[in-house]
J.: 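Sharing a structure here in structure tokens format.
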2 protein chains.
Amino acid sequence: MPVAKGTALDPAETRAGIVRSATTLLYQRGLAGIGVAELCTTMGISKETLYRHFGSKNGLIHAVLTARSDHVVRWLDDAVKEAGDDPDDQVTAVFDALGRWHAELSFRGCAIVNAATQQYDVEIRALAGRHLGRHRALLTRIAHDAGVRDEVTVGKQLLALLEGSTVLASLGGDTDAASVAKDAAHALIQAGR
Amino acid sequence: MPVAKGTALDPAETRAGIVRSATTLLYQRGLAGIGVAELCTTMGISKETLYRHFGSKNGLIHAVLTARSDHVVRWLDDAVKEAGDDPDDQVTAVFDALGRWHAELSFRGCAIVNAATQQYDVEIRALAGRHLGRHRALLTRIAHDAGVRDEVTVGKQLLALLEGSTVLASLGGDTDAASVAKDAAHALIQAGR
DNA sequence: CCTAGTTGGTACCGATCGGTTCGATGCAGC
DNA sequence: GCTGCATCGAACCGATCGGTACCAACTAGG
């Protein structure tokens, strides 16, 4: 969303708009696949504005990934909440939401995992680790509510299915990866009770 | 392994040596994380030699990834063969080998999946798809031998566990990701019979 | 010993990279 | 209307990028 010349005088809003636009561009093209110049012209802002708000390209990337992690976690949380109180329904909701995401034309895998893979950067890797930890916490909680004996292990297994099916959908061409993972998740919970 | 000045006159051997050295460097630093100049000086070859053998940096990358895919597939096949004829033992062997790989200091995730993530390139993505397909074929065959009803689905599930646990070990800090995935694999096979 | 082929080293090319600076433009509040 | 702040557009910087050209050194085969 380009910002007109002198119309937006709220810096916070400008910053939020940049994060929103840059998220898409960096996701589609990769962190190193688009330069700062093209990034700015496409977003309709000047380089000076970008560097005043984020200090560096890495600063922008960090802001984008942090916001992205919050967004994805909220998205999964909402899907779980809509599913009600039954843990089995919650598992179904998680992997059905995953499947809808995988089916999007613009799907290119998890933006945060991709970022950590693209750029060897301690901060980004730590952010990715926290991101995976947040997913694991949700899945572990669901496993606990489902009454499995070892919810920590089952939580890790569900997370492996979630991330693995995302890789398969992104690179392996498996259009039903999430559905297959969903069945596996239910089977693992059943076996773990 | 640097090649002495005029000692190796076998072009095929030179090429193979370059592929071997470049595999490590590109894996550790990322495809875009090391330039051609540094690549050549570190390997002890000249840029002219590199470009005569591979035509471009992308040509080198393609050669490296192709060889890497063959190497990894052979590595897993050997692990399975050593495990004998019992499919359950073969599953154990696959995920135990995976765990030993995850524990290596230089482990940074699957080089081929990483490459496809780092560089949006149709050829590399296709190569990654074929690579995942080869793994899936092995796991589907094991699932079939294990007597599951739907070996195609179980094969996909085992592959998701394999790739997912690799992501968790690389970015999530899960040192026992492969072990946890191994238990899940056995449970899924048992549930699928 | 001589020729043909392979190599390392180096200088060089244009393009692009991330990042800085400066002047012009326009909105908000006084 | 004036002032201060946020912004755009463009010029500019040094560094690095992938890729090319040329040459001296070397080995293998005749």
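What you see is a predicted model, and the numbers here were worked out from it, not measured in a lab. In what follows, chains are A, B, ... by sequence order, proteins preceding strands, each numbered from 1.
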J.: Report all interatomic pairs (protein N or O, nucleotide N or O of nucleotides 13-15 of chain D) with separations under 3.5 Å.
T.:
none

J.: Could you check if a side-chain atom of V64(B) sits within less than 4.5 angstrom of a side-chain atom of Y27(B), using non-hydrogen atoms only?
T.: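 Side-chain contact under 4.5 Å: no.
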J.: Supply the atom-to-atom distance N114(A) CG to L31(A) CG, rounded to the nearest 0.5 angstrom.
T.: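 Going from the CG atom of N114(A) to the CG atom of L31(A) covers 8.5 Å.
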J.: Does S170(B) use its side chain to pair, donor to acceptor, with the backbone of T166(B) at less than 3.5 Å?
T.: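 Side chain of S170(B) to backbone of T166(B): no pair is present.
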J.: Calculate the interatomic distance between Y51(B) atom OH and dG9(C) atom P; express it in whole Å.
T.: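 Computing the Y51(B):OH to dG9(C):P distance gives 17 Å.
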J.: Do any N or O atoms from the side chain of D89(B) and from the backbone of G84(B) form a donor-acceptor pair under 3.5 angstrom?
T.: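 Looks like no, no N/O pair under 3.5 Å.
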J.: OP1, OP2 of dA6(D) versus side-chain N and O of R52(A): anything below 4.0 Å?
T.: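 No, because none of the side-chain N or O atoms of R52(A) sits under 4.0 Å from OP1 or OP2 of dA6(D).
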J.: H102(B) vs F107(B) aromatic rings, parallel, tilted or perpendicular, using cut-offs 30° and 60°?
T.: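 Tilted, since the angle between the ring planes falls between 30° and 60°.
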J.: Could you tell me the separation between the NE2 atom of H53(B) and the C1' atom of dG8(C), rounded to a whole number of Å?
T.: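 From H53(B) NE2 to dG8(C) C1': 12 Å.
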J.: L50(B) has an atom CG; how far is it from atom P of dG19(D), in whole Å?
T.: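 Spelled out: CG on L50(B) to P on dG19(D) is 9 Å.
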J.: Do L39(B) and L60(B) come close enough that some side-chain heavy atom pair is under 4.5 Å?
T.: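 Of all side-chain heavy-atom pairs linking L60(B) with L39(B), at least one is under 4.5 Å.
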J.: Going by salt bridge (charged side-chain N to carboxylate O under 4.0 Å, His left out), name the pairs with one or both residues in residues 114-140 of chain A, residues two or more places apart or in two chains.
T.: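 Checked against salt bridge (charged side-chain N to carboxylate O under 4.0 Å, His left out) - neighbours excluded - the pairs reaching residues 114-140 of chain A are D70(A)-R134(A), R136(A)-D174(B).
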J.: Is there a side-chain contact between T117(A) and V167(B) (heavy atoms, below 4.5 Å)?
T.: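 A side-chain contact is absent here, since even the closest heavy-atom pair is not under 4.5 Å.
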J.: Any non-hydrogen side-chain atom of L188(B) less than 4.5 Å from a side-chain atom of Q157(A)?
T.: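 Sidechains of Q157(A) and L188(B): no contact.
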J.: Have a look at E38(A) and tell me which of R29(A), K57(A), K47(A) forms a salt bridge (charged side-chain N to carboxylate O under 4.0 Å, His left out) with it.
T.: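 Option passing the salt bridge (charged side-chain N to carboxylate O under 4.0 Å, His left out) with E38(A): R29(A).
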J.: Just the rounded figure in Å: distance from C1' of dT7(D) to CZ of R15(A).
T.: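 About 17 Å, once rounded to whole Å.
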J.: Which one, dT7(D), dG19(C), dC22(C), comes nearest to the side chain of K47(A)?
T.: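 Of all the options, the side chain of K47(A) is nearest to dG19(C).
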J.: Need the bend value for the helix from dC1(C)-dG30(D) to dC30(C)-dG1(D): angle between end axes, 5 pairs each end, nearest 10°.
T.: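 So the angle between the two local helix axes works out to 10°.
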J.: Taking atom P of dC5(D) as reference, at what distance in whole Å does atom CD of E48(A) sit?
T.: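 My rounded result for the distance is 14 Å.
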J.: By a strict heavy-atom criterion of less than 4.0 Å, which residues belonging to residues 31-39 of chain B are in contact with DNA chain D?
T.: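 Contacts with DNA chain D under 4.0 Å: G35(B), V36(B).
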J.: Which nucleotide in the list dT7(D), dG8(C), dG18(C) gets nearest to the side chain of T49(B)?
T.: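 For T49(B), the side-chain atoms sit closest to dG8(C).
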J.: Near DNA chain C, counting only heavy atoms under 4.0 Å, which residues of residues 115-124 of chain A show up?
T.: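 Per residue number, the list is empty: none.
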J.: Within the structure provided, determine whether H144(B) and R141(B) are in side-chain contact (heavy-atom separation under 4.5 Å).
T.: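 No, their side chains stay 4.5 Å or more apart.
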J.: Between P on dG8(C) and CE on M43(B), what's the gap in Å once rounded to a whole number?
T.: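 Whole-Å distance recorded here is 10 Å.
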J.: Rounded to the nearest angstrom, tell me the gap between atom CD in E13(A) and atom P in dC27(C).
T.: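 So the two atoms are 16 Å apart, to the nearest Å.
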J.: If you take any heavy atom closer than 4.0 Å to DNA chain C, which residues from residues 56-64 of chain A end up in contact?
T.: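 By residue number: S56(A), K57(A).
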J.: Would you indicate whether the side-chain heavy atoms of R100(A) and E104(A) approach each other to under 4.5 Å?
T.: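 A side-chain contact under 4.5 Å is absent here.
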J.: Between D77(A) and K81(A) (salt bridge meaning N to carboxylate O under 4.0 Å), is one present in this structure?
T.: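 Not counted as a salt bridge, because no side-chain N and carboxylate O are separated by less than 4.0 Å.
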J.: So, do L65(B) and S69(B) sit near enough that their side-chain heavy atoms are less than 4.5 Å apart?
T.: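 No - every pair of side-chain heavy atoms lies 4.5 Å or more apart.
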J.: Given 3.5 Å as the limit, does a donor-acceptor pair link the side chain of R108(B) with the main chain of Q28(B), or not?
T.: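 Between the backbone of Q28(B) and the side chain of R108(B) there is a qualifying donor-acceptor contact (under 3.5 Å).
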J.: Could you tell me if the side chain of D78(A) sits less than 4.5 Å from the side chain of R74(A), heavy atoms only?
T.: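 R74(A) reaches D78(A) side chain to side chain.
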J.: Nearest to the side chain of T14(A), which nucleotide is it out of dG18(C), dT7(C), dT7(D)?
T.: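 Selected nucleotide: dT7(D).
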